Number of protein chains: 2
Amino acid sequence: MYQINILIVEDEEKLRKLIKKYLFLEGFHVHEASNGIEALKIFDTETIDLVVLDVMMPFKNGYEVSKEIRKTSQVPIIMLTARSAEDDKLQGFDVGIDDYVTKPFSTRELMARIKALLKRTNVTSTNEKMQFGVLSIDTGARRILVDGEDMTFSPKEYDCLMYFVDNANQALSREQILNRVWGFDYFGDDRTVDTVIKRLRKKMGVEGDRIQTVRGVGYRFEV
Amino acid sequence: MYQINILIVEDEEKLRKLIKKYLFLEGFHVHEASNGIEALKIFDTETIDLVVLDVMMPFKNGYEVSKEIRKTSQVPIIMLTARSAEDDKLQGFDVGIDDYVTKPFSTRELMARIKALLKRTNVTSTNEKMQFGVLSIDTGARRILVDGEDMTFSPKEYDCLMYFVDNANQALSREQILNRVWGFDYFGDDRTVDTVIKRLRKKMGVEGDRIQTVRGVGYRFEV
DNA sequence: AATTATTGTGACAAAATTATGACGAATTTC
DNA sequence: GAAATTCGTCATAATTTTGTCACAATAATT
(Lines give C-alpha, C1' and ligand atoms only; values in the text may rest on other atoms or scores of the structure.)
Protein backbone atom coordinates (compact mmCIF):
# COMPACT_ATOMS: atom_id res chain seq x y z
CA MET A 1 0.00 0.00 0.00
CA TYR A 2 1.78 3.07 -1.14
CA GLN A 3 1.21 6.45 -2.66
CA ILE A 4 -1.07 6.81 -5.61
CA ASN A 5 0.64 8.22 -8.69
CA ILE A 6 -1.08 10.92 -10.69
CA LEU A 7 0.15 12.41 -13.92
CA ILE A 8 -0.84 15.98 -14.77
CA VAL A 9 -0.56 16.95 -18.38
CA GLU A 10 -1.07 20.69 -18.73
CA ASP A 11 0.96 23.19 -20.70
CA GLU A 12 0.03 26.20 -18.63
CA GLU A 13 2.61 26.09 -15.88
CA LYS A 14 0.77 28.13 -13.34
CA LEU A 15 -2.30 25.94 -13.46
CA ARG A 16 -0.20 22.80 -13.44
CA LYS A 17 1.66 23.84 -10.35
CA LEU A 18 -1.55 24.76 -8.65
CA ILE A 19 -3.13 21.39 -9.31
CA LYS A 20 0.06 19.72 -8.23
CA LYS A 21 0.05 21.53 -4.96
CA TYR A 22 -3.48 20.48 -4.14
CA LEU A 23 -2.89 16.91 -5.16
CA PHE A 24 0.24 16.86 -3.05
CA LEU A 25 -1.74 18.14 -0.10
CA GLU A 26 -4.17 15.28 -0.61
CA GLY A 27 -1.30 12.84 -0.31
CA PHE A 28 -0.81 11.90 -3.95
CA HIS A 29 2.49 11.47 -5.69
CA VAL A 30 2.43 13.83 -8.66
CA HIS A 31 4.18 13.65 -12.01
CA GLU A 32 4.09 16.59 -14.39
CA ALA A 33 4.18 16.92 -18.14
CA SER A 34 3.79 20.13 -20.10
CA ASN A 35 2.94 18.48 -23.39
CA GLY A 36 1.72 15.26 -24.92
CA ILE A 37 5.06 13.86 -25.99
CA GLU A 38 6.49 14.30 -22.55
CA ALA A 39 3.36 12.83 -21.02
CA LEU A 40 3.61 9.63 -23.02
CA LYS A 41 7.25 9.27 -22.15
CA ILE A 42 6.53 9.56 -18.46
CA PHE A 43 3.56 7.27 -18.76
CA ASP A 44 5.72 4.60 -20.29
CA THR A 45 8.42 4.74 -17.70
CA GLU A 46 6.49 5.44 -14.53
CA THR A 47 3.63 3.63 -12.95
CA ILE A 48 0.69 5.98 -13.24
CA ASP A 49 -2.64 5.39 -11.53
CA LEU A 50 -4.60 8.30 -12.95
CA VAL A 51 -4.07 10.94 -15.60
CA VAL A 52 -5.34 14.51 -15.56
CA LEU A 53 -5.21 15.65 -19.14
CA ASP A 54 -5.72 19.04 -20.71
CA VAL A 55 -7.35 18.99 -24.12
CA MET A 56 -5.64 22.01 -25.61
CA MET A 57 -1.91 21.52 -25.80
CA PRO A 58 0.90 22.08 -28.24
CA PHE A 59 2.36 19.19 -30.28
CA LYS A 60 -0.15 16.56 -29.26
CA ASN A 61 -3.56 17.42 -27.97
CA GLY A 62 -5.40 15.65 -25.18
CA TYR A 63 -7.38 13.37 -27.48
CA GLU A 64 -4.29 12.13 -29.19
CA VAL A 65 -2.54 11.53 -25.91
CA SER A 66 -5.43 9.57 -24.45
CA LYS A 67 -5.70 7.56 -27.62
CA GLU A 68 -2.06 6.61 -27.26
CA ILE A 69 -2.46 5.74 -23.63
CA ARG A 70 -5.50 3.60 -24.34
CA LYS A 71 -3.48 1.47 -26.66
CA THR A 72 -1.74 -0.06 -23.73
CA SER A 73 -3.60 0.91 -20.61
CA GLN A 74 -6.96 1.30 -18.99
CA VAL A 75 -5.70 3.89 -16.52
CA PRO A 76 -8.44 6.32 -15.50
CA ILE A 77 -8.25 9.62 -17.35
CA ILE A 78 -9.86 12.92 -16.47
CA MET A 79 -9.99 15.50 -19.18
CA LEU A 80 -9.77 19.24 -18.62
CA THR A 81 -11.72 20.99 -21.30
CA ALA A 82 -12.31 24.65 -21.87
CA ARG A 83 -15.29 24.16 -24.10
CA SER A 84 -18.32 22.44 -22.79
CA ALA A 85 -19.76 21.50 -26.12
CA GLU A 86 -21.48 18.17 -26.30
CA ASP A 87 -19.51 16.92 -29.30
CA ASP A 88 -16.36 17.52 -27.32
CA LYS A 89 -17.54 15.03 -24.79
CA LEU A 90 -18.56 12.49 -27.34
CA GLN A 91 -15.20 12.72 -28.98
CA GLY A 92 -13.65 12.21 -25.60
CA PHE A 93 -15.55 9.04 -24.87
CA ASP A 94 -14.41 7.65 -28.17
CA VAL A 95 -10.85 7.80 -27.02
CA GLY A 96 -11.65 6.35 -23.65
CA ILE A 97 -11.98 9.29 -21.32
CA ASP A 98 -13.51 8.48 -17.94
CA ASP A 99 -14.55 11.89 -16.73
CA TYR A 100 -14.58 15.57 -17.57
CA VAL A 101 -13.98 18.81 -15.77
CA THR A 102 -14.83 21.94 -17.64
CA LYS A 103 -12.67 25.03 -17.25
CA PRO A 104 -12.84 27.09 -15.24
CA PHE A 105 -13.18 24.70 -12.33
CA SER A 106 -12.55 24.91 -8.65
CA THR A 107 -9.74 22.84 -7.19
CA ARG A 108 -12.33 21.47 -4.86
CA GLU A 109 -14.30 20.13 -7.79
CA LEU A 110 -11.29 18.61 -9.46
CA MET A 111 -10.19 16.92 -6.25
CA ALA A 112 -13.67 15.50 -5.78
CA ARG A 113 -13.74 14.16 -9.31
CA ILE A 114 -10.32 12.58 -8.96
CA LYS A 115 -11.22 10.89 -5.73
CA ALA A 116 -14.51 9.69 -7.11
CA LEU A 117 -12.85 8.26 -10.18
CA LEU A 118 -10.18 6.52 -8.15
CA LYS A 119 -12.86 5.01 -6.02
CA ARG A 120 -14.93 3.99 -9.01
CA THR A 121 -12.00 2.31 -10.65
CA ASN A 122 -10.83 0.66 -7.47
CA VAL A 123 -7.37 2.13 -7.53
CA THR A 124 -5.94 1.61 -4.12
CA SER A 125 -2.25 1.35 -4.53
CA THR A 126 0.12 0.20 -7.15
CA ASN A 127 3.20 -1.02 -5.42
CA GLU A 128 2.24 -4.57 -5.57
CA LYS A 129 4.75 -7.32 -5.21
CA MET A 130 3.85 -10.66 -6.60
CA GLN A 131 5.59 -13.94 -6.34
CA PHE A 132 5.16 -16.96 -8.57
CA GLY A 133 7.78 -19.53 -7.70
CA VAL A 134 11.13 -17.89 -8.37
CA LEU A 135 9.42 -15.18 -10.40
CA SER A 136 8.91 -11.92 -8.54
CA ILE A 137 7.11 -8.98 -10.03
CA ASP A 138 7.31 -5.52 -8.56
CA THR A 139 4.72 -3.50 -10.40
CA GLY A 140 5.67 -0.32 -8.62
CA ALA A 141 9.21 -0.51 -9.86
CA ARG A 142 8.13 -2.23 -13.05
CA ARG A 143 10.80 -4.77 -12.32
CA ILE A 144 10.89 -8.50 -12.63
CA LEU A 145 13.22 -10.85 -10.87
CA VAL A 146 13.79 -14.41 -11.93
CA ASP A 147 15.52 -16.46 -9.31
CA GLY A 148 16.65 -13.25 -7.65
CA GLU A 149 18.19 -11.92 -10.81
CA ASP A 150 16.94 -8.72 -12.37
CA MET A 151 15.60 -9.46 -15.82
CA THR A 152 14.76 -6.69 -18.23
CA PHE A 153 11.46 -7.31 -19.94
CA SER A 154 10.64 -5.19 -22.94
CA PRO A 155 7.44 -3.12 -22.77
CA LYS A 156 5.47 -5.63 -24.83
CA GLU A 157 6.78 -8.51 -22.80
CA TYR A 158 6.00 -6.76 -19.56
CA ASP A 159 2.50 -5.72 -20.59
CA CYS A 160 1.76 -9.15 -21.87
CA LEU A 161 2.90 -10.77 -18.66
CA MET A 162 0.83 -8.29 -16.67
CA TYR A 163 -2.23 -9.19 -18.69
CA PHE A 164 -1.57 -12.82 -17.99
CA VAL A 165 -1.03 -12.21 -14.31
CA ASP A 166 -4.23 -10.20 -14.06
CA ASN A 167 -6.08 -13.04 -15.70
CA ALA A 168 -4.27 -15.94 -14.15
CA ASN A 169 -5.64 -19.38 -14.89
CA GLN A 170 -7.77 -18.06 -17.68
CA ALA A 171 -7.47 -19.22 -21.23
CA LEU A 172 -6.81 -16.10 -23.27
CA SER A 173 -7.22 -16.08 -27.01
CA ARG A 174 -4.65 -14.47 -29.25
CA GLU A 175 -7.26 -11.94 -30.19
CA GLN A 176 -7.92 -11.00 -26.60
CA ILE A 177 -4.22 -10.63 -25.97
CA LEU A 178 -3.74 -8.54 -29.08
CA ASN A 179 -6.62 -6.28 -28.15
CA ARG A 180 -5.48 -5.71 -24.63
CA VAL A 181 -1.74 -5.49 -25.09
CA TRP A 182 -1.47 -4.09 -28.59
CA GLY A 183 -4.70 -2.13 -28.70
CA PHE A 184 -7.86 -2.27 -30.76
CA ASP A 185 -6.35 -0.72 -33.78
CA TYR A 186 -3.59 -3.21 -34.29
CA PHE A 187 -3.89 -4.96 -37.60
CA GLY A 188 -0.95 -7.28 -37.50
CA ASP A 189 -0.75 -11.01 -37.53
CA ASP A 190 -2.23 -13.20 -34.82
CA ARG A 191 1.02 -15.03 -34.68
CA THR A 192 2.83 -12.01 -33.31
CA VAL A 193 1.56 -13.13 -29.95
CA ASP A 194 3.42 -16.40 -30.33
CA THR A 195 6.68 -14.59 -30.71
CA VAL A 196 6.20 -12.55 -27.59
CA ILE A 197 5.21 -15.69 -25.72
CA LYS A 198 8.37 -17.33 -26.93
CA ARG A 199 10.45 -14.44 -25.59
CA LEU A 200 8.52 -14.35 -22.35
CA ARG A 201 8.98 -18.04 -21.70
CA LYS A 202 12.67 -17.74 -22.33
CA LYS A 203 13.14 -14.84 -19.96
CA MET A 204 10.97 -16.46 -17.33
CA GLY A 205 13.39 -19.33 -17.13
CA VAL A 206 12.16 -22.24 -15.04
CA GLU A 207 8.84 -20.48 -14.54
CA GLY A 208 8.45 -20.31 -18.30
CA ASP A 209 6.04 -23.15 -18.46
CA ARG A 210 3.57 -21.36 -16.33
CA ILE A 211 2.49 -20.09 -19.71
CA GLN A 212 0.63 -23.04 -21.11
CA THR A 213 -0.54 -23.15 -24.68
CA VAL A 214 -4.21 -23.80 -25.06
CA ARG A 215 -4.47 -25.42 -28.44
CA GLY A 216 -6.90 -23.87 -30.82
CA VAL A 217 -7.32 -20.89 -28.55
CA GLY A 218 -4.26 -19.20 -27.17
CA TYR A 219 -2.45 -19.28 -23.88
CA ARG A 220 -2.96 -19.53 -20.16
CA PHE A 221 -0.85 -18.33 -17.25
CA GLU A 222 -1.02 -20.80 -14.41
CA VAL A 223 -0.43 -19.97 -10.79
CA MET B 1 -21.00 -23.15 -21.56
CA TYR B 2 -21.55 -20.42 -24.05
CA GLN B 3 -20.55 -16.81 -23.96
CA ILE B 4 -23.07 -14.30 -22.80
CA ASN B 5 -24.81 -12.70 -25.76
CA ILE B 6 -25.49 -9.00 -25.72
CA LEU B 7 -27.47 -7.08 -28.29
CA ILE B 8 -26.61 -3.43 -28.86
CA VAL B 9 -29.26 -1.33 -30.53
CA GLU B 10 -27.81 2.03 -31.43
CA ASP B 11 -28.08 3.94 -34.68
CA GLU B 12 -24.94 5.98 -34.24
CA GLU B 13 -22.34 3.67 -35.66
CA LYS B 14 -19.34 5.14 -33.96
CA LEU B 15 -20.83 4.78 -30.52
CA ARG B 16 -22.12 1.32 -31.30
CA LYS B 17 -18.72 0.12 -32.39
CA LEU B 18 -17.16 1.63 -29.32
CA ILE B 19 -19.51 -0.17 -26.98
CA LYS B 20 -19.00 -3.34 -28.94
CA LYS B 21 -15.25 -3.16 -28.48
CA TYR B 22 -15.50 -2.80 -24.76
CA LEU B 23 -18.06 -5.56 -24.43
CA PHE B 24 -15.85 -7.78 -26.51
CA LEU B 25 -12.94 -7.08 -24.22
CA GLU B 26 -15.05 -8.10 -21.29
CA GLY B 27 -15.60 -11.41 -22.96
CA PHE B 28 -19.12 -10.99 -24.22
CA HIS B 29 -20.45 -12.07 -27.56
CA VAL B 30 -21.91 -8.98 -29.20
CA HIS B 31 -24.72 -8.58 -31.70
CA GLU B 32 -25.40 -5.23 -33.34
CA ALA B 33 -28.48 -3.54 -34.65
CA SER B 34 -28.69 -0.01 -35.97
CA ASN B 35 -32.46 0.34 -35.66
CA GLY B 36 -35.46 -1.14 -33.95
CA ILE B 37 -36.67 -3.31 -36.81
CA GLU B 38 -33.28 -4.91 -37.18
CA ALA B 39 -33.07 -5.33 -33.41
CA LEU B 40 -36.31 -7.27 -33.22
CA LYS B 41 -35.26 -9.45 -36.09
CA ILE B 42 -32.00 -10.34 -34.39
CA PHE B 43 -33.73 -10.81 -31.08
CA ASP B 44 -36.05 -13.36 -32.64
CA THR B 45 -33.35 -15.38 -34.30
CA GLU B 46 -30.51 -15.23 -31.80
CA THR B 47 -30.29 -16.12 -28.16
CA ILE B 48 -29.83 -12.80 -26.40
CA ASP B 49 -29.01 -12.50 -22.71
CA LEU B 50 -29.11 -8.72 -22.38
CA VAL B 51 -30.10 -5.78 -24.54
CA VAL B 52 -28.51 -2.34 -24.61
CA LEU B 53 -31.04 -0.07 -26.19
CA ASP B 54 -30.82 3.51 -27.37
CA VAL B 55 -33.98 5.56 -26.93
CA MET B 56 -33.63 7.83 -29.91
CA MET B 57 -33.63 5.85 -33.11
CA PRO B 58 -35.13 6.05 -36.57
CA PHE B 59 -38.12 3.83 -37.51
CA LYS B 60 -38.83 2.44 -34.09
CA ASN B 61 -37.66 4.15 -30.93
CA GLY B 62 -36.32 2.42 -27.86
CA TYR B 63 -39.61 2.39 -26.01
CA GLU B 64 -41.39 0.69 -28.85
CA VAL B 65 -38.66 -1.88 -29.21
CA SER B 66 -38.62 -2.74 -25.54
CA LYS B 67 -42.41 -2.97 -25.57
CA GLU B 68 -42.18 -5.48 -28.39
CA ILE B 69 -39.49 -7.48 -26.65
CA ARG B 70 -41.44 -7.53 -23.40
CA LYS B 71 -44.33 -9.23 -25.16
CA THR B 72 -42.32 -12.39 -25.36
CA SER B 73 -39.30 -12.03 -23.10
CA GLN B 74 -38.05 -10.87 -19.73
CA VAL B 75 -34.51 -10.36 -20.99
CA PRO B 76 -32.71 -7.61 -19.06
CA ILE B 77 -32.72 -4.30 -20.92
CA ILE B 78 -30.52 -1.27 -20.35
CA MET B 79 -31.65 1.96 -21.93
CA LEU B 80 -29.32 4.63 -23.25
CA THR B 81 -30.96 8.00 -22.92
CA ALA B 82 -29.67 11.41 -23.86
CA ARG B 83 -32.12 13.30 -21.73
CA SER B 84 -32.12 12.81 -18.03
CA ALA B 85 -35.64 14.00 -17.48
CA GLU B 86 -37.54 12.18 -14.84
CA ASP B 87 -40.60 11.49 -16.97
CA ASP B 88 -38.34 9.75 -19.44
CA LYS B 89 -37.37 7.30 -16.79
CA LEU B 90 -40.91 6.82 -15.69
CA GLN B 91 -41.99 6.06 -19.21
CA GLY B 92 -39.16 3.58 -19.44
CA PHE B 93 -40.09 1.63 -16.38
CA ASP B 94 -43.57 1.36 -17.77
CA VAL B 95 -42.30 -0.63 -20.68
CA GLY B 96 -40.12 -2.85 -18.55
CA ILE B 97 -36.67 -1.29 -18.66
CA ASP B 98 -34.28 -2.64 -16.02
CA ASP B 99 -31.70 0.11 -15.90
CA TYR B 100 -30.68 3.43 -17.39
CA VAL B 101 -27.49 5.05 -18.50
CA THR B 102 -27.65 8.70 -19.40
CA LYS B 103 -25.55 10.04 -22.23
CA PRO B 104 -22.83 11.01 -22.20
CA PHE B 105 -21.55 8.10 -20.20
CA SER B 106 -18.17 6.48 -19.76
CA THR B 107 -17.70 3.02 -21.13
CA ARG B 108 -16.55 2.07 -17.70
CA GLU B 109 -19.89 3.06 -16.26
CA LEU B 110 -21.83 1.20 -18.90
CA MET B 111 -19.77 -1.93 -18.33
CA ALA B 112 -20.37 -1.70 -14.61
CA ARG B 113 -24.12 -1.36 -15.14
CA ILE B 114 -24.23 -4.27 -17.52
CA LYS B 115 -22.33 -6.51 -15.17
CA ALA B 116 -24.48 -5.47 -12.25
CA LEU B 117 -27.64 -6.16 -14.20
CA LEU B 118 -26.41 -9.55 -15.36
CA LYS B 119 -25.62 -10.41 -11.79
CA ARG B 120 -28.97 -9.15 -10.59
CA THR B 121 -30.78 -11.25 -13.14
CA ASN B 122 -28.63 -14.31 -12.55
CA VAL B 123 -27.23 -14.65 -16.00
CA THR B 124 -24.28 -16.91 -15.51
CA SER B 125 -21.04 -16.24 -17.23
CA THR B 126 -18.65 -18.38 -19.09
CA ASN B 127 -16.47 -18.91 -16.06
CA GLU B 128 -18.27 -21.87 -14.80
CA LYS B 129 -16.83 -24.75 -12.91
CA MET B 130 -18.60 -28.01 -13.30
CA GLN B 131 -18.18 -31.28 -11.57
CA PHE B 132 -19.27 -34.73 -12.73
CA GLY B 133 -17.87 -37.35 -10.43
CA VAL B 134 -14.10 -37.03 -10.67
CA LEU B 135 -14.45 -34.98 -13.84
CA SER B 136 -14.06 -31.24 -13.31
CA ILE B 137 -14.47 -28.72 -16.07
CA ASP B 138 -13.23 -25.16 -15.76
CA THR B 139 -14.55 -23.33 -18.77
CA GLY B 140 -12.71 -20.11 -18.01
CA ALA B 141 -9.39 -21.88 -17.99
CA ARG B 142 -10.60 -24.23 -20.70
CA ARG B 143 -9.20 -26.94 -18.55
CA ILE B 144 -10.44 -30.37 -17.65
CA LEU B 145 -9.35 -32.36 -14.67
CA VAL B 146 -9.92 -36.06 -14.32
CA ASP B 147 -9.38 -37.30 -10.81
CA GLY B 148 -7.48 -34.10 -10.09
CA GLU B 149 -5.15 -34.59 -13.00
CA ASP B 150 -4.93 -32.07 -15.80
CA MET B 151 -5.96 -33.69 -19.05
CA THR B 152 -5.42 -31.88 -22.28
CA PHE B 153 -8.40 -32.17 -24.54
CA SER B 154 -7.98 -31.26 -28.16
CA PRO B 155 -10.25 -28.53 -29.54
CA LYS B 156 -12.66 -31.03 -31.10
CA GLU B 157 -12.74 -33.14 -27.98
CA TYR B 158 -13.33 -30.12 -25.79
CA ASP B 159 -16.06 -28.67 -27.97
CA CYS B 160 -17.73 -32.00 -28.23
CA LEU B 161 -17.71 -32.52 -24.49
CA MET B 162 -19.10 -29.03 -24.00
CA TYR B 163 -21.93 -29.80 -26.35
CA PHE B 164 -22.68 -32.93 -24.39
CA VAL B 165 -22.55 -31.14 -21.08
CA ASP B 166 -24.87 -28.44 -22.32
CA ASN B 167 -27.30 -31.08 -23.44
CA ALA B 168 -26.86 -33.56 -20.66
CA ASN B 169 -29.14 -36.58 -20.56
CA GLN B 170 -30.25 -35.95 -24.09
CA ALA B 171 -29.73 -38.31 -26.94
CA LEU B 172 -27.78 -36.48 -29.60
CA SER B 173 -27.59 -37.78 -33.12
CA ARG B 174 -24.32 -37.89 -34.99
CA GLU B 175 -25.74 -35.32 -37.33
CA GLN B 176 -26.59 -32.94 -34.52
CA ILE B 177 -23.13 -33.33 -33.10
CA LEU B 178 -21.51 -32.80 -36.47
CA ASN B 179 -23.57 -29.70 -37.11
CA ARG B 180 -22.84 -28.20 -33.81
CA VAL B 181 -19.20 -29.08 -33.27
CA TRP B 182 -17.94 -29.30 -36.82
CA GLY B 183 -20.23 -26.74 -38.35
CA PHE B 184 -22.94 -26.94 -40.95
CA ASP B 185 -20.50 -26.94 -43.78
CA TYR B 186 -18.74 -30.12 -42.82
CA PHE B 187 -19.01 -32.86 -45.38
CA GLY B 188 -17.16 -35.69 -43.75
CA ASP B 189 -18.22 -39.09 -42.55
CA ASP B 190 -20.77 -39.60 -39.79
CA ARG B 191 -18.42 -42.01 -38.13
CA THR B 192 -15.91 -39.27 -37.46
CA VAL B 193 -18.00 -38.63 -34.39
CA ASP B 194 -17.36 -42.16 -33.19
CA THR B 195 -13.66 -41.58 -33.24
CA VAL B 196 -13.88 -38.44 -31.17
CA ILE B 197 -16.17 -40.22 -28.74
CA LYS B 198 -13.62 -42.99 -28.47
CA ARG B 199 -10.94 -40.48 -27.61
CA LEU B 200 -13.19 -38.63 -25.20
CA ARG B 201 -14.11 -41.77 -23.31
CA LYS B 202 -10.48 -42.71 -23.00
CA LYS B 203 -9.42 -39.33 -21.64
CA MET B 204 -12.38 -39.18 -19.29
CA GLY B 205 -11.14 -42.30 -17.55
CA VAL B 206 -13.61 -43.72 -15.06
CA GLU B 207 -16.16 -41.11 -16.06
CA GLY B 208 -15.87 -42.31 -19.64
CA ASP B 209 -19.07 -44.26 -19.55
CA ARG B 210 -21.09 -41.19 -18.83
CA ILE B 211 -21.13 -41.11 -22.60
CA GLN B 212 -23.65 -43.78 -23.45
CA THR B 213 -24.22 -44.93 -26.97
CA VAL B 214 -27.79 -44.70 -28.15
CA ARG B 215 -27.98 -47.36 -30.77
CA GLY B 216 -29.27 -46.23 -34.11
CA VAL B 217 -29.08 -42.61 -33.06
CA GLY B 218 -25.89 -41.38 -31.50
CA TYR B 219 -24.78 -40.69 -27.96
CA ARG B 220 -25.95 -39.35 -24.64
CA PHE B 221 -24.02 -37.73 -21.79
CA GLU B 222 -25.46 -38.80 -18.45
CA VAL B 223 -25.18 -36.86 -15.25
C1' DA C 1 -27.37 -70.10 -34.48
C1' DA C 2 -26.53 -67.53 -38.30
C1' DT C 3 -26.92 -63.24 -40.40
C1' DT C 4 -27.04 -58.41 -40.56
C1' DA C 5 -26.48 -53.91 -38.81
C1' DT C 6 -24.16 -50.96 -35.89
C1' DT C 7 -20.52 -49.49 -32.98
C1' DG C 8 -15.56 -49.77 -30.93
C1' DT C 9 -10.80 -49.31 -31.73
C1' DG C 10 -5.95 -49.13 -33.30
C1' DA C 11 -3.11 -47.45 -36.89
C1' DC C 12 -1.70 -44.13 -40.03
C1' DA C 13 -0.98 -40.26 -42.88
C1' DA C 14 -2.57 -35.73 -44.03
C1' DA C 15 -3.67 -31.39 -42.15
C1' DA C 16 -3.50 -27.98 -38.80
C1' DT C 17 -1.32 -25.67 -35.25
C1' DT C 18 2.44 -24.06 -32.59
C1' DA C 19 7.61 -23.30 -31.60
C1' DT C 20 11.65 -21.15 -32.84
C1' DG C 21 15.58 -18.88 -34.96
C1' DA C 22 16.81 -15.27 -38.02
C1' DC C 23 16.42 -10.88 -40.15
C1' DG C 24 15.68 -6.16 -40.87
C1' DA C 25 13.11 -1.93 -39.92
C1' DA C 26 11.93 1.09 -36.34
C1' DT C 27 12.71 2.95 -32.09
C1' DT C 28 15.23 4.01 -28.03
C1' DT C 29 19.37 4.80 -25.50
C1' DC C 30 23.62 6.65 -24.67
C1' DG D 1 24.53 9.98 -34.52
C1' DA D 2 26.15 5.45 -33.33
C1' DA D 3 24.96 1.41 -30.77
C1' DA D 4 21.68 -1.26 -28.71
C1' DT D 5 17.16 -2.83 -28.18
C1' DT D 6 12.61 -3.89 -29.59
C1' DC D 7 9.38 -5.94 -32.47
C1' DG D 8 6.85 -7.83 -36.39
C1' DT D 9 7.32 -11.10 -40.08
C1' DC D 10 8.81 -15.01 -42.25
C1' DA D 11 10.57 -19.62 -43.10
C1' DT D 12 11.17 -23.88 -41.25
C1' DA D 13 10.90 -27.36 -37.71
C1' DA D 14 8.35 -29.75 -34.28
C1' DT D 15 4.25 -31.20 -32.48
C1' DT D 16 -0.58 -32.19 -32.20
C1' DT D 17 -4.89 -33.01 -34.14
C1' DT D 18 -8.02 -35.27 -36.96
C1' DG D 19 -10.39 -37.96 -40.54
C1' DT D 20 -10.43 -42.38 -42.61
C1' DC D 21 -9.97 -47.07 -43.00
C1' DA D 22 -9.83 -51.85 -41.78
C1' DC D 23 -11.15 -54.99 -38.82
C1' DA D 24 -12.91 -56.47 -34.19
C1' DA D 25 -16.69 -56.50 -31.09
C1' DT D 26 -21.33 -56.14 -29.96
C1' DA D 27 -26.25 -55.90 -30.53
C1' DA D 28 -30.43 -56.83 -33.15
C1' DT D 29 -32.99 -59.67 -36.27
C1' DT D 30 -34.29 -63.62 -38.71
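Computed over heavy atoms, backbone and side chain alike; hydrogens, waters and symmetry mates excluded. Not measured: the values here are computed from a predicted model. Proteins get letters first, then strands, A, B, ... in listed order; numbering begins at 1 in each.
The only option from B:L50, B:I114, B:V51 that meets the side chain to side chain contact (heavy atoms under 4.5 Å, CB included) definition with B:P76 turns out to be B:L50. Screening A:Q170, A:R174, A:Q176 against A:Y219 for a side chain to side chain contact (heavy atoms under 4.5 Å, CB included) leaves a single residue, A:R174.
In this structure, B:D159 does not pair ionically with B:R180, as no charged nitrogen and carboxylate oxygen lie closer than 4.0 Å. Here A:E207 does not pair with A:R201 in a salt bridge; the nearest charged N to carboxylate O distance is not below 4.0 Å. Between A:D11 and A:R16 there is no salt bridge, since no side-chain nitrogen of the basic residue lies less than 4.0 Å from a carboxylate oxygen of the acidic one. Salt-bridge annotation for B:E157 and B:R199: absent, with no side-chain N of the basic residue lying under 4.0 Å from a carboxylate O of the acidic one.
Taking the six-membered ring for Trp and the full ring otherwise, the centers of A:F221 and A:Y163 sit at least 6.0 Å from each other.
When rounded to the nearest whole Å, the span between CG of B:D209 and C1' of C:dG8 equals 14 Å. As rounded to whole Å, 11 Å separates atom P of C:dT7 from atom CD1 of B:I177. Atom-to-atom, CD of A:E157 to P of D:dG8 comes out at 10 Å; the value is rounded to the nearest Å. Separating the NZ atom of B:K203 from the C1' atom of D:dT17 is a distance of 9 Å, rounded to the nearest angstrom. Atom CG in A:L161 sits about 15 Å away from atom P in D:dT6, given to the nearest Å. In this structure, B:F187 places its CZ atom 18 Å from C1' of D:dT20, rounding to the nearest Å. Look at CG on A:D189: it is 17 Å from P on D:dC7, rounded to the nearest Å. Remark: C1' of C:dT7 and CG of B:L172 are 17 Å apart, rounded to the nearest angstrom.
Between B:D150 and A:E222, the closest side-chain pair of non-hydrogen atoms falls below 4.5 Å.
Side chain of B:E12 to main chain of B:K14: no donor-acceptor pair is present (N/O by atom type, distance under 3.5 Å, no hydrogens or angles). The backbone N or O of A:D138 lies less than 3.5 Å from no partner atom in the side chain of A:R143, so there is not a single donor-acceptor pair.
Axis angle across the helix from C:dA1-D:dT30 to C:dC30-D:dG1, with five pairs used at each end and values rounded to 10°: 40°.
If you check residues 144-155 of chain B against DNA chain C, you find no residue with a heavy atom closer than 4.0 Å.
The shortest distance between the side-chain N/O atoms of A:W182 and the OP1/OP2 oxygens of D:dC7 is not below 4.0 Å.
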Q | Nucleic acid footprint by protein, nucleotides 14-22 of chain C - heavy-atom cut-off 4.0 Å, B for base, S for sugar-phosphate alone | A | ---BBSBBB
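Residue B:Y186 is classed as a sugar-phosphate contact, given heavy-atom separations below 4.0 Å to backbone atoms only.
Around atom CD of A:E149, no more than 12 heavy atoms belonging to other residues, nucleotides or ligands sit under 6.0 Å away.
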